[in-house]
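Every heavy atom of this structure was used, including side-chain atoms; hydrogens, water molecules and symmetry mates were not.
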Amino acid sequence: FSYKIAKDSGVPIEPLAAGITKKGDTPGYHSTAWTRPDTGIRDLAGTKGKKVCFVDPASTSGNLVPSAGLLAVGIDPTKDLTQVFAGAHDASMISTSTGQCDAGFSQDSMMPSLIEKGQLKEAQLVQIWTSEVIPGSPLAMNTSTLDASTQETLKAVFQDKANVEYMTANGICSDGSCTMPGDATWGYAAVTDSTYDPIRKVCDATKASACNPT
């Protein structure tokens, strides 16, 4: 979403690549919705009139994609329920588990992470919705400050070499010792500007003010 905002507002950037967890994956993740087993909420339609935790107005999986999902089932997220912006994905889940919200949204990796850390137990929350694939967050380069040769070099590095397989084969690190940042646990895959058209469609559907910052 931050890439979409920058690009569409005229910032001279182009995406390089996005992280993937295993070779051949398509960069992406999902937004998910959760509730406690005792709320009686079984799907997005059941959140009408309820207090629902979102993450942040500018969060892709924590607000924009959930808002589009709610609109698709006839619920206006600004009028038909009480929005609570928890400020973070983990806070949305924990607030839902403690009853501060009747349901909550987060990216799909958050619930397993909280269970692994011992902050939530699996039975505390049930999943009631998952979105379509959201394009993975890209690394982007400023095309106004980098010459054409450097741009091509960066593309080659991130798309062909910045991965566990290449680095192991070329002695940059030994087998099993390679570590990559964030979601790029295997490495990176190529993306283009059109990869992020689904985010533009979500903005068109929600008319969210965060989509057009001033």
Side-chain angles (χ1 to χ4, degrees), residues 1-6 18-21 27-39 41 43-44 46-71 75-140 179-185 196 198-199 202-203 205-214:
F1 181 52
S2 59
Y3 166 77
K4 178 266 181 215
I5 291 174
I20 53 177
T21 58
Y29 60 109
H30 297 83
S31 173
T32 54
W34 301 79
T35 190
R36 298 181 308 284
D38 61 355
T39 63
I41 300 172
D43 50 30
L44 288 188
T47 63
K48 187 172 184 178
K50 304 295 186 179
K51 184 182 288 186
V52 180
C53 272
F54 296 76
V55 175
D56 179 89
S59 172
T60 307
S61 59
N63 181 39
L64 294 174
V65 171
S67 294
L70 289 164
L71 289 167
I75 295 178
D76 185 332
T78 65
K79 298 177 181 178
D80 297 331
L81 50 79
T82 301
Q83 281 187 314
V84 176
F85 287 107
H89 291 269
D90 56 351
S92 176
M93 294 292 87
I94 292 171
S95 294
T96 300
S97 72
T98 58
Q100 297 175 64
C101 289
D102 300 306
F105 292 101
S106 76
Q107 63 183 26
D108 54 5
S109 64
M110 186 49 56
M111 188 63 178
S113 175
L114 290 172
I115 292 172
E116 183 179 350
K117 293 176 181 177
Q119 292 178 272
L120 285 179
K121 295 181 179 178
E122 189 169 351
Q124 284 183 268
L125 296 175
V126 293
Q127 187 174 339
I128 58 172
W129 174 78
T130 185
S131 71
E132 295 182 358
V133 176
I134 302 168
S137 300
L139 292 168
T179 58
M180 300 292 286
D183 295 331
T185 52
Y196 300 92
I199 304 301
V202 167
C203 280
T206 62
K207 303 295 190 295
S209 59
C211 290
N212 298 288
T214 56

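- Looking at every heavy atom in both residues, Ile5 comes nearest to Cys211 through CG1-O, 4.5 Å.
- Not counting sequence neighbours, the partners of Lys4 by the salt bridge (Lys or Arg N to Asp or Glu O under 4.0 Å) test are Asp8.
- Across all their heavy atoms, Leu81 and Lys50 have their closest contact at CB-O, 3.3 Å.
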Practice task
Given side-chain contact (heavy atoms from CB on, under 4.5 Å), test Thr130 with Asp108 step by step and report yes or no.
Solution key: CA-CA 8 Å; Thr130 185; Asp108 54 5; 5.7 Å; no
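- A donor-acceptor pair under 3.5 Å is absent between the side-chain atoms of Ser61 and the main chain of Ser31, judged by distance alone.
- Pairs engaging residues 109-121 under the side chain to side chain donor-acceptor pair (under 3.5 Å) rule: Gln107-Ser109 [sequence neighbours left out].
- Here the straight-line distance linking atom CE of Met180 with atom OG1 of Thr21 works out to 12.0 Å at 0.5 Å rounding.
- Counting only heavy atoms from C-beta outward, the side chains of Tyr29 and Thr60 approach each other to under 4.5 Å.
- Note: Thr35 OG1 to Leu44 CG = 11.0 Å, rounded to the nearest 0.5 Å.
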Handout entry: Derivation and outcome, side-chain contact (heavy atoms from CB on, under 4.5 Å), residues Val55 and Asn63
Key = CA-CA 6 Å; Val55 175; Asn63 181 39; 6.0 Å; no
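- For Ala140 against Tyr3, the heavy-atom pair with the smallest separation is CB-CD1, 4.3 Å.
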Practice task
Could you walk me through whether Val52 and Gln83 pass side-chain contact (heavy atoms from CB on, under 4.5 Å), step by step?
Solution key: CA-CA 5 Å; Val52 180; Gln83 281 187 314; over 6 Å; no
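- Using bins of under 30°, 30° to 60° and over 60° for the plane-to-plane angle, the ring pair Phe54/Phe105 lands in the tilted bin.
- Remark: the backbone N or O of Ile75 is not paired with any side-chain donor or acceptor of Asp80 at under 3.5 angstrom.
- Considering all non-hydrogen atoms of both residues, Ile134 and His30 come closest at CD1-C, 4.0 Å.
- Closest of all the heavy-atom pairs between Phe1 and Cys203 is CE1-SG, 3.7 Å.
- Of the inter-residue distances, the one linking Glu122 atom CD with Ile115 atom CD1 reads 5.0 Å to the nearest 0.5 angstrom.
- We find the CG-NZ distance between Leu71 and Lys207 to be 9.5 Å, quoted to the nearest 0.5 Å.
- The stretch residues 85-104 participates, sequence neighbours left out, in these side chain to side chain donor-acceptor pair (under 3.5 Å) pairs: Thr98-Gln100.
- Note that CG of Leu125 is 4.5 Å distant from CE of Met111, once rounded to the nearest 0.5 Å.
- Scanning all heavy atoms of the two residues, the minimum distance from Tyr196 to Ala18 falls at OH-CB, 4.1 Å.
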